[in-house]
Amino acid sequence: MESGISVVLKAEQLGSVFGFPITNSLIMAWLVMALLIGFAYFFGRSLKLVPGKLQAGIEWAFEGAIAYMAGVLESEKLARRFFPLVASIFLFVAVINEIEFFPGVGSLGIWHASEFLPILRAPTTDLNFTLALAAIAFFTIEITGIAMLGFFKYVGKYVNLKSPVGFVVGLIELISNLGRLVSFSFRLFGNIFAGEVMVLVAAYFLPYVLPAPLMGFEMFIGLVQALVFAMLTLFFIKLAIVDPHEAH
Amino acid sequence: MSQLLSAFGIDWHLLLAQAVNFGIVLIALWYFLYKPVLAMLAKRQELVAKGVEDAGRASEMLAGADSEANSRITAAEGEAEGIVAAARETATAEKTRLLQEAEERAAAVARDAEARAAETAAKAKRESEREVARLAILAVEKILKKNYD
C-alpha cells in the first residue's frame, strides 16, 4: 500500500444507512448537488433586468445552447423542452469533473482495517453514476421517440418485416440502440477514470512536476466529456424523432 | 456477468440513488436557474420589442405632428390672406362711398350758393325797380309841382 499504486475500480463503501450503502462517490455527488443547487438558488434570486458580467455570460450561454439545440432539433419548442435535461447533464458532469482535481478529493480519507478509504471520489469514476445517467438519457430518448412518432411507427424502426435486408438493418439498429447504454456509461467512466489513473501514475514516477499539467489537461478532458455526453443525448433525441420514412 | 457487476461495484441501490440525485439536480436547476433566466430573457426581449415599437410609433407621431403643423400653417396663411383681401376690399368700398358722399355734399353746397346768389340778384333787381319807381314818382312830383307853381 505505502509504496505501490492502488487503483480501485469501484467506489469505496464508507458505511451504510438502513442497509443502504453509502459510497464516497455518493457523498461527492451530494456535495456537487449542494454546490449546484446553492449556486442556482442564489443566482436565480439575484437576476436583474440590466445584467452583470456573470448573468450576461450565463444568459449568453443559455441563448447559444437553445439556438444550437433548435438548429439540431429543427424546432424551437423541442429545444426549449429538452434544454433543462441536456444542460443539467452537462453542468452536473462538468462540475463533478472539475471538482475532482480540487485538493482534498481522493486525498482526504479514513483508515479502515489498514486500508485507506477516500471520503470523496468523483462520481464519474463510479460506473453506478455513469450507468444511471446513461439510463436516464436512454429512456428519455426512447420515450421521446415513442411520444413523437407513435408506438408502432417507432417500433417499426427496429422490427421491419417487409424485407430480409430491412429486418437485418432493423436488428442492427436495435442492438446499436441498446449498445448506447454501454457506450454512454463506459465512455464517461473510462475517460475520467483513466485520467485519474494517469495522474496517479505520473505522481508516482515524477511527483510535484508531472501531475500539475496532466491535471490541467484532465480538467479540459472533463469538460469535453461532459459536452460529449450532453451532445450525444441531444443527437440521439434527434435521431429518435426522425420519421423513418423521411430519413431514407 | 455478476463478476463484472461486482468488479465495477454495480449495485441497484447506488444506481437508483444516483438517478434520483440527477433527478433532484434537474428539477432544482430547472426551478431555480433555467426558469428564471429564460423568463428574464423573454422579459427583456419583450421590453426591447416594445421599445422598438414605441420608437417607431413616436417617429410616426412626430411625422404626423409635422404634417399637422404644416397643414395648419398653410390654412392659417390662407385665412390671413383672405382676411387681408377682405379688409382691402372693404377699405376700397369705404373710400368710394366717402368720395361719393363728399362729391354729393360739394354739389349740394354749390347748388345752395347758386340759389342764394340768384335770390340776392332778384332781390337787388326788385329793390332797384322799386327805387326807380320811387325816383320816377319823385321826378313826376317835382315836374308837376313846377308846372303848377
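Chain A is the first sequence line, chain B the second, and so forth, proteins listed ahead of strands; every chain is numbered from 1.
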Region of [X] that comes under 4.5 Å of a non-hydrogen atom in chain B:
X       : result
Y41(A)  : both
A87(A)  : both
I136(A) : side chain
R80(A)  : side chain
F186(A) : side chain
F189(A) : side chain
F62(A)  : side chain
L85(A)  : both
Q13(A)  : neither

Count the heavy atoms of every other residue, nucleotide or ligand shown that sit under 6.0 Å from [atom1] of [X], and state whether that count exceeds 12.
X       : atom1 : result
F235(A) : CZ    : yes
E129(B) : CD    : yes
E127(B) : CD    : yes
F20(A)  : CZ    : yes

For the student: nearest non-hydrogen atoms of [X] and [Y], plus distance:
X       : Y      : answer
N128(A) : L14(B) : ND2-CD1, 3.4 Å
P21(A)  : D11(B) : CG-OD2, 3.4 Å
G44(A)  : P36(B) : O-CB, 4.2 Å
L33(B)  : F43(A) : CD1-CD2, 3.3 Å
L29(B)  : L36(A) : CD2-O, 3.9 Å

Side-chain contact test, heavy atoms from C-beta onward, threshold under 4.5 Å: evaluate it for [X] versus [Y] and give yes or no.
X      : Y       : answer
Q18(B) : L133(A) : no
I37(A) : I24(B)  : yes
I89(A) : F22(B)  : yes
W30(B) : S88(A)  : no

Spell out, as yes or no, whether a donor-acceptor pair under 3.5 Å connects the side chain of N21(B) to the backbone of W30(A). no

Pick whichever of V50(A), L131(A), L49(A), I58(A) has the most heavy-atom pairs under 4.5 Å with chain B. L49(A)

Max heavy-atom pairs within cutoff under 4.5 Å with chain A, candidates A28(B), A17(B), A7(B), goes to A7(B)

OH of Y34(B) to CG of L91(A): how many Å apart, nearest 0.5 Å? 4.5 Å

Within this structure, what is the CD1-OG distance for the pair I10(B) and S185(A), rounded to the nearest 0.5 Å? 7.5 Å

So what's closer than 4.5 Å to chain A heavy atoms on L38(B): side chain, backbone, both or neither? side chain

Residue-level contacts of residues 41-75 of chain B with chain A, using a heavy-atom cutoff under 4.5 Å: L41(B), K43(B), R44(B), L47(B)

